[in-house]
S.K.: 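This is the structure I have questions about; it appears just below.
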Number of protein chains: 2
Amino acid sequence: MPKAHNVRPASALERTLHRLEDLCRERGQRLTRPRRAVLAKLLSARRPLSAYELLDLLRSEDGRSTAASVYRTLDFLMALGIVHRLESTRSFVLCEHPDGPHWVQFLICRRCGQVVEAEDERVAAATERLGQRLGFALDQHIVELTGVCESCRGSRAPH
Amino acid sequence: MPKAHNVRPASALERTLHRLEDLCRERGQRLTRPRRAVLAKLLSARRPLSAYELLDLLRSEDGRSTAASVYRTLDFLMALGIVHRLESTRSFVLCEHPDGPHWVQFLICRRCGQVVEAEDERVAAATERLGQRLGFALDQHIVELTGVCESCRGSRAPH
DNA sequence: TTGTACTTGATACAAAGTATCATAAGGACA
DNA sequence: TGTCCTTATGATACTTTGTATCAAGTACAA
Ligand SMILES: [Zn+2]
Ligand SMILES: [Zn+2]
Ligand SMILES: [Zn+2]
Ligand SMILES: [Zn+2]
């Protein structure tokens, strides 16, 4: 009986690192230690981190990271499309749909800080159409929507 | 023959300052020198300015402005809804539709830096709908679309 | 004109992001 | 498995962007 490749479900970290590996190979980019490390930290944080929060986490186990290296690494991962930057909070978060380029919208709860990454056709179509109407050939779309999430509204804290 | 109030078309500066005056009165806010000055500078710049560009402009004729006062003033004008902040470029721009609260989209040309402020129903409806679908009660919407404007595409510079 | 709550200016500081360059190391290839 | 070359890193210094605090000043109502 042939052994199926690997039946154990890969951990989220393993899957994400494999994705990074593949992307690097495809594009002839190097897979280095800081790149792996930043990805791992963003994954285990499970929320957006500022560059300096990330730096502190990395230093706590490596000691040699610097602001410059963190920003370089984030730029790299963003170019691969597996990390996004939240402009309104100056923070960075792991992509939840890292299967190729996509236009993404973020919903941010101002109460609990929860961030949801959406890929809404309708919003993408509407912005694209707006671009056309005004003569712009769009190549990037930043959509960050702030409000109060369902569970925060449920718990009837005023404001 | 009775003299009509003032038939000369008010300058853009006059109109904008009147709008500021009205808003302040309505809301019981003070109309101070730095508030007038920041508004005037943003108006004459006719493009987004960073807080520190604004600071330099103000200092060149007043000398006593500081970063803190510029940021305070910008916060004030944003709360009134007559100045917007562009998150993706960390800059501030005069509102082009200062007639009450509105959800706005910015289109930014990466080639010439031109910024267009749009108020598109379709985009606003689509984001609102997305919020509903995901259970968010939205109260803010940041939409910044980057691309190449018509005139920049017309001049066939490559890239 | 006067009083006073709100705003400003001054100072100091914190957070976010970038430039430069000598050194280190990924990974192709022998 | 080791060599080499290209690219990325680490170290340093710096710039830009944004805030905290508090004494002094002033817009505006009365
Ligand atoms: Zn994504
Ligand atoms: Zn919430
Ligand atoms: Zn506006
Ligand atoms: Zn243009």
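Every chain is numbered from 1 and lettered A, B, ... according to where its sequence line falls, protein lines coming before strand lines. As the structure is a computational prediction, the values presented were derived from the model and not from experiment. The figures here come from the full heavy-atom set of this structure, side chains too, leaving out hydrogens, waters and symmetry mates.
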S.K.: Distance check needed: dG17(C) C1' versus Asp75(A) CG, whole Å only.
M.R.: 10 Å
S.K.: Five pairs at each end of the helix from dT1(C)-dA30(D) to dA30(C)-dT1(D): take the axis at both ends and give me the angle between them to 10°.
M.R.: 40°
S.K.: With Glu87(A), which residues qualify under salt bridge (charged side-chain N to carboxylate O under 4.0 Å, His left out), at least two apart?
M.R.: Arg85(A)
S.K.: When you list every nucleotide of DNA chain D with an atom under 4.0 Å from a heavy atom of chain A, which one comes first 5' to 3', and which comes last?
M.R.: dT6(D) to dG18(D)
S.K.: CG of Leu23(B) to CZ of Arg19(B): how many Å apart, nearest 0.5 Å?
M.R.: 4.0 Å
S.K.: Kindly state which residues belonging to residues 19-28 of chain B come within less than 4.0 angstrom of DNA chain D, counting heavy atoms of the residue only, listed by number.
M.R.: none
S.K.: Sequence neighbours left out, cut at 3.5 Å: what donor-acceptor pairs do the side chains of residues 74-84 of chain B make with other protein atoms?
M.R.:
| residue | atom | partner | partner atom | Å |
| --- | --- | --- | --- | --- |
| His84(B) | NE2 | His102(B) | NE2 | 3.3 |
| His84(B) | NE2 | Glu117(B) | OE2 | 3.3 |

S.K.: Short question: side chain of Thr16(A), backbone of Ala12(A) - any donor-acceptor pair under 3.5 Å?
M.R.: yes
S.K.: So which one's nearest nucleotide on DNA chain D is more toward 5', Thr66(A) or Arg36(B)?
M.R.: Thr66(A)
S.K.: Sequence neighbours excluded, which residues qualify as side chain to side chain donor-acceptor pair (under 3.5 Å) partners of Arg25(A)?
M.R.: Asp22(A)
S.K.: State plainly whether the residues Asp120(B) and Arg129(A) are in salt-bridge range, i.e. N to O under 4.0 Å.
M.R.: no
S.K.: For Ala118(A), enumerate each residue passing the side chain to side chain contact (heavy atoms under 4.5 Å, CB included) test, keeping only those at least two apart in sequence or located in another chain.
M.R.: Gln105(A), Leu107(A), Leu130(B), Leu134(B)
S.K.: Would you kindly give the CG-to-C1' distance between Leu49(A) and dA16(C), to the nearest whole Å?
M.R.: 15 Å
S.K.: Count I, L, V, M, F, W, Y as connected when their side-chain heavy atoms are under 4.5 Å apart, and connections chain through other members. Are Leu31(A) and Val70(A) then in the same cluster?
M.R.: yes
S.K.: Check whether any side-chain N or O of Tyr52(A) sits under 4.0 Å from OP1 or OP2 of dA15(C), and answer yes or no.
M.R.: no
S.K.: dT8(C) C1' sits how many Å from Leu74(B) CG, rounded?
M.R.: 15 Å
S.K.: Which atoms of nucleotides 20-25 of chain C (N or O only) lie under 3.5 Å from a protein N or O atom, and what are those distances?
M.R.:
none

S.K.: Enumerate the ring-ring contact (aromatic ring centres under 6.0 Å, His included) contacts for residues 43-68 of chain A, please, sequence neighbours excluded, ordered by first and then second residue.
M.R.: none
S.K.: Rounded to the nearest 0.5 Å, what separation is found between the OG atom of Ser44(A) and the CG atom of Leu49(A)?
M.R.: 8.0 Å
S.K.: To the nearest 0.5 Å, how far apart are OG in Ser91(B) and CG in Leu42(B)?
M.R.: 10.0 Å
S.K.: Just jot down the side chain to side chain donor-acceptor pair (under 3.5 Å) partners of Thr73(A), sequence neighbours excluded, or say none.
M.R.: none
S.K.: Side-chain polar contacts of residues 32-41 of chain A - donor-acceptor pairs under 3.5 angstrom, sequence neighbours left out - could you list them?
M.R.:
| residue | atom | partner | partner atom | Å |
| --- | --- | --- | --- | --- |
| Arg33(A) | NH2 | Asp62(A) | OD2 | 3.1 |
| Arg35(A) | NH1 | Arg30(A) | O | 2.6 |
| Lys41(A) | NZ | Glu61(A) | OE1 | 3.3 |

S.K.: What pairs meet the ring-ring contact (aromatic ring centres under 6.0 Å, His included) rule with one or both residues in residues 108-153 of chain A, with sequence neighbours excluded?
M.R.: Trp103(A)-His141(A)
S.K.: On DNA chain C, does the nearest nucleotide to Phe76(B) precede the nearest nucleotide to Ala67(A) from the 5' side, or the other way round? Give the residue.
M.R.: Phe76(B)
S.K.: Closer than 4.0 Å, any side-chain N/O of Thr32(B) to the OP1 or OP2 of dT8(C)?
M.R.: yes
S.K.: Whole Å only: how far is the CD atom of Glu53(A) from the C1' atom of dA15(C)?
M.R.: 12 Å
S.K.: Does a nitrogen or oxygen in the side chain of Arg33(B) sit under 4.0 Å from OP1 or OP2 of dT7(C)?
M.R.: no
